[in-house]
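For this chain, numbers begin at 1 and follow the sequence in order.
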Amino acid sequence: MYGAASSYEMYASGYNFNVPILPSEPLKYAQRSYTSSAWMLPNPDFWDKKDFIIQTPDRNYSVLDYKQFFDDIKYPLGYKVFDMTHRILSFEPPEVNLYCIYGRGVETDSRFM
């Protein structure tokens, strides 16, 4: 899958890399300013459109709900940046040897409740 579910957390509340002494709120404003943050959101072309990445008591969000998500966190500029950046990569075969390296036993965030 292309994209990181933790990007939602970064936009909504700031991502402190699980370091308790780093305050999330100030980081949020800096992280929102990076174009790469929008680019790292899960790509609707590759993520299951029926899979909710964020589940709250009031609303669930899938990769089809970016506009609503950004409106709900009162950051509509985020949707504009996402809309401009999420198709930057071309997924044409690179015509080079490709090796897939993966790890095991490391928990990875894929959904937030």
Between Tyr11 and Ile73, which heavy-atom pair has the shortest distance, and what is it? O-CD1, 3.6 Å
Sequence neighbours left out, what passes side-chain contact (heavy atoms from CB on, under 4.5 Å) with Leu64? Give chain and number order. Lys49, Ser62
Can you list every pair that meets salt bridge (charged side-chain N to carboxylate O under 4.0 Å, His left out) and has a residue in residues 31-44, with sequence neighbours left out? none
Listed partners of Tyr61 passing side-chain hydrogen bond (donor to acceptor under 3.5 Å, both in side chains), at least two apart: Asp72
With Asp71 via salt bridge (Lys or Arg N to Asp or Glu O under 4.0 Å) - residues at least two apart: Lys67
If every non-hydrogen atom of Pro42 is compared with every non-hydrogen atom of Ala4, which pair is closest and at what distance? CD-O, 3.4 Å
Applied to residues 12-25, the salt bridge (charged side-chain N to carboxylate O under 4.0 Å, His left out) test, sequence neighbours excluded, yields Glu25-Lys28
Residues forming a salt bridge (Lys or Arg N to Asp or Glu O under 4.0 Å) with Glu95, sequence neighbours excluded: none
Would you please name every residue forming a ring pair (Phe, Tyr, Trp, His ring centres under 6.0 Å) with Tyr66, sequence neighbours left out? Tyr8, Phe82
For Asp45, what residues pass the salt bridge (Lys or Arg N to Asp or Glu O under 4.0 Å) criterion, not counting sequence neighbours? Arg87
Kindly write out the residues that satisfy side-chain contact (heavy atoms from CB on, under 4.5 Å) with Thr35, not counting sequence neighbours, or none if the list is empty. Val81, Thr85
Closest contact, heavy atoms only, Gln55 versus Asn60: CA-OD1, 3.2 Å
So, using ring pair (Phe, Tyr, Trp, His ring centres under 6.0 Å) as the criterion, who are the partners of Tyr29 when residues are at least two apart? none
Among the clusters formed by ILVMFWY side chains lying less than 4.5 Å apart, do Ile21 and Leu27 turn up in the same one? yes
Look at the side-chain heavy atoms of Ile, Leu, Val, Met, Phe, Trp and Tyr, link any pair under 4.5 Å apart, and say whether Tyr34 and Met84 land in one connected group. no
Looking only at heavy atoms, which two atoms of Ser24 and Ser13 are closest? And how far apart? CB-O, 3.3 Å
Whether the side chain of Ser36 engages the backbone of Trp39 through a donor-acceptor N/O pair (distance < 3.5 Å, no angle test) should be reported. no
CD on Gln31 to CD on Glu9, rounded to 0.5 Å: 9.0 Å
Output the distance between atom CZ (Phe70) and atom CG (Leu41), rounded to the nearest 0.5 Å. 5.0 Å
Nearest heavy-atom neighbours spanning Ile53 and Ala5: CG2-CB, 3.7 Å
